[in-house]
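Structure, as structure tokens:
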Number of protein chains: 2
Amino acid sequence: MSDDLATRLREQGLRLTPQRQLILQAVEELRHATPDEVLAHVRARASSVNASTVYRTLEVLEELGLVRHTHLSDRAPTYHSTLEHEHVHVVCRRCQRIRSYGPDLVAPVVAALAADGFTMDVGHLAIFGQCTDCDASPDPT
Amino acid sequence: MSDDLATRLREQGLRLTPQRQLILQAVEELRHATPDEVLAHVRARASSVNASTVYRTLEVLEELGLVRHTHLSDRAPTYHSTLEHEHVHVVCRRCQRIRSYGPDLVAPVVAALAADGFTMDVGHLAIFGQCTDCDASPDPT
DNA sequence: CTTCATGCAAAGGATTTGCAGCCTC
DNA sequence: GAGGCTGCAAATCCTTTGCATGAAG
């Protein structure tokens with residue numbers, strides 16, 4: 001995968017740097033992480049990297065197709081590696097639990113939209129709602 | 001609908017103010033608007049309202065069930081009136097066009113998740129991707 | 001008159017940008 | 001070497017908060 005990074009960077013005339021390697025590695029290890037979490041993770045295990053570098057690097061990595069982001073909260077975006085199979089995120093607003101589903105979950109939607117001239121981005125999808133169990137528990141509001 | 005506003009506010013011991021009326025009206029007229037756009041719209045047609053009032057009011061209106069928000073971009077959230085039928089937003093990243101679909105579009109997903117103990121929030125859903133036509137046009141990147 | 005609501009200004013969190021020096025290729 | 005990177009700090013964008021004053025019920 002680091003090879004992949006090096007390769008893809010080279011294809012674009014971009015450079016392989018330790019920061020880029022560390023950041024990609026952090027995203028892969030954390031599974032789902034915000035820029036902030038990536039920063040913390042990188043700092044914990046190695047050199048001190050700057051926050052702007054994290055933002056700039058995540059952008060580059062996303063352009064290279066090595067990571068993807070989705071919005072699992074009303075706050076910061078969450079990044080994950082494209083090494084994982086494409087999946088849909090389902091988030092409970094109550095308990096914050098995140099479930100992952102394969103693309104088949106939304107296959108009918110993809111088909112319906114395709115018939116309508118639209119290509120759906122399945123990996124970016126975040127579905128909100130709440131667990132049936134959580135419905136019962138007291139409202140945190 | 002203003003009656004509705006007055007009624008619901010009263011039920012909660014809250015007050016009917018001109019700002020709240022104007023802001024709700026703005027959301028209804030704009031169909032899909034960010035807090036900023038709501039502010040501009042209100043200011044254009046009447047009194048000057050403060051930005052914090054817009055934020056606080058949108059929050060109240062959402063609690064009262066009169067408006068809803070969803071995320072149609074990586075930036076500010078978009079509010080719409082609940083007078084409109086519940087709908088799913090489909091956004092093209094290329095041309096920014098927003099298509100609206102009825103809940104039926106995702107009925108299979110709702111069913112699948114329900115069987116799994118999860119109640120999906122259909123109105124909050126935003127589906128990203130791109131129009132088939134836009135696929136052909138030059139990449140803006 | 002009792003509270004809730006608004007305006008204002010300052011604080012905050014997240015992200016972006018300009019720039020000088022550093023490091024890959 | 002040349003030009004892409006990075007760190008740093010300042011700038012933005014969006015949103016929230018504290019507080020005194022104003023207004024709805």
Side-chain angles (χ1 to χ4, degrees), chain A residues 2-3 5-27 32-43 46-64 66-67 69-79 141, chain B residues 2-3 5-27 32-43 46-64 66-67 69-79 141:
Chain A
S2 274
D3 289 351
L5 173 58
T7 306
R8 305 232 193 170
L9 284 169
R10 210 166 295 134
E11 289 172 354
Q12 307 296 315
L14 300 178
R15 292 171 187 173
L16 180 62
T17 66
Q19 287 89 336
R20 286 179 173 169
Q21 297 181 83
L22 287 165
I23 292 170
L24 175 54
Q25 192 185 333
V27 172
H32 290 101
T34 61
D36 232 50
E37 294 165 342
V38 169
L39 180 59
H41 191 257
V42 171
R43 284 189 171 160
S47 50
S48 87
V49 172
N50 192 274
S52 27
T53 299
V54 171
Y55 285 108
R56 286 190 278 229
T57 299
L58 287 173
E59 196 180 326
V60 170
L61 295 178
E62 188 151 31
E63 277 164 15
L64 296 180
L66 298 173
V67 307
H69 83 272
T70 182
H71 301 273
L72 303 186
S73 80
D74 284 356
R75 301 214 150 262
T78 307
Y79 287 80
T141 308
Chain B
S2 275
D3 290 352
L5 173 58
T7 306
R8 306 232 193 169
L9 284 169
R10 210 166 294 136
E11 288 171 356
Q12 306 296 315
L14 300 178
R15 292 170 188 174
L16 179 62
T17 66
Q19 288 89 335
R20 287 178 172 169
Q21 297 182 82
L22 287 165
I23 291 169
L24 175 55
Q25 193 186 334
V27 171
H32 291 101
T34 60
D36 232 50
E37 293 166 342
V38 170
L39 180 59
H41 191 256
V42 171
R43 284 188 170 159
S47 49
S48 87
V49 173
N50 192 275
S52 27
T53 300
V54 172
Y55 285 107
R56 287 190 278 231
T57 299
L58 288 173
E59 195 179 328
V60 170
L61 295 178
E62 188 151 32
E63 278 164 14
L64 296 180
L66 298 173
V67 306
H69 83 272
T70 183
H71 301 273
L72 304 186
S73 80
D74 285 356
R75 301 215 150 262
T78 307
Y79 287 80
T141 309

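It should be emphasised that the depicted structure is a prediction, and the values quoted were computed from it without experimental measurement. Chain letters run A, B, ... following the sequence lines, proteins first, then strands; residues in each count from 1.
- Between the axis at the start and the axis at the end of the helix from dC1(C)-dG25(D) to dC25(C)-dG1(D) there is an angle of 40°, using five pairs per end and rounding to 10 degrees.
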| Step-by-step side chain to side chain contact (heavy atoms under 4.5 Å, CB included) determination, Thr57(A) to Leu22(A) | CA-CA 10 Å; Thr57(A) 299; Leu22(A) 287 165; over 6 Å; no
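- For the salt bridge (charged side-chain N to carboxylate O under 4.0 Å, His left out) condition, the pairs that include at least one residue of residues 7-22 of chain B, sequence neighbours left out, are Asp4(B)-Arg8(B).
- For the atom pair Ile23(B) CD1 and Tyr55(B) OH, the distance stands at 11.5 Å (nearest 0.5 Å).
- Evaluation of the ring-ring contact (aromatic ring centres under 6.0 Å, His included) rule for His32(B) yields His80(B), His87(B), His89(B) as partners, not counting sequence neighbours.
- Under the rule for a ring-ring contact (aromatic ring centres under 6.0 Å, His included), the partners of His71(A) that lie at least two apart in sequence or sit in another chain are His69(A), His124(A).
- In this model, no side-chain donor or acceptor of Arg56(A) finds a partner on the base of dG4(D) within 3.5 Å.
- Judged by distance alone, with hydrogens and angles left aside, the side-chain atoms of Glu59(B) form no donor-acceptor pair with the main-chain N or O of Arg56(B) at under 3.5 Å.
- Nearer to the 5' terminus of DNA chain D, by closest-nucleotide assignment, is the contact made by Gly13(A) (compared with the other of Gly13(A) and Asn50(B)).
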| task | Please test Leu66(A) against Leu24(A) for side chain to side chain contact (heavy atoms under 4.5 Å, CB included), starting from the C-alpha separation and ending with a verdict. | result | CA-CA 8 Å; Leu66(A) 298 173; Leu24(A) 175 54; 4.2 Å; yes
| Going through the distances and angles, do Leu61(B) and Leu5(B) end up as a side chain to side chain contact (heavy atoms under 4.5 Å, CB included)? | CA-CA 8 Å; Leu61(B) 295 178; Leu5(B) 173 58; 3.7 Å; yes
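- In this structure, the CG atom of Leu5(A) is 11 Å from the P atom of dC5(D), given to the nearest Å.
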| task | Classify every nucleotide of nucleotides 20-25 of chain D by which part a protein heavy atom approaches to under 4.0 Å, writing B for the base, S for the sugar-phosphate alone and - for neither, in 5'-to-3' order. | result | ---BBS
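- Checked against side chain to side chain donor-acceptor pair (under 3.5 Å), Gln19(B) has no partners two or more places apart in sequence or in another chain.
- Within a 6.0 Å radius of CZ in Arg43(B), other residues, nucleotides and ligands contribute more than 12 heavy atoms.
- Note on Ser52(A): a base of the nucleic acid sits closer than 4.0 angstrom, heavy atoms only.
- The stretch residues 69-78 of chain B has no heavy atom under 4.0 angstrom from DNA chain C at all.
- Read 5' to 3', the first and last nucleotides of DNA chain C with an atom closer than 4.0 Å to a heavy atom of chain A are dA14(C) to dC25(C).
- Put simply, CD on Glu63(B) and CG on Leu14(B) are 8.5 Å apart, with the number rounded to the nearest 0.5 Å.
- Shown here for Leu58(B) and Val67(B), the closest heavy-atom pair between the two residues is O-CG2, 4.0 Å.
- Under 4.0 angstrom from either OP1 or OP2 of dT16(D) there lies no side-chain N or O belonging to Tyr55(B).
- Atom CG in Leu9(A) sits roughly 15 Å away from atom C1' in dG3(D) (whole-Å rounding).
- For Asn50(A), the side chain to side chain donor-acceptor pair (under 3.5 Å) partners two or more places apart in sequence, or in a different chain, are Ser52(A).
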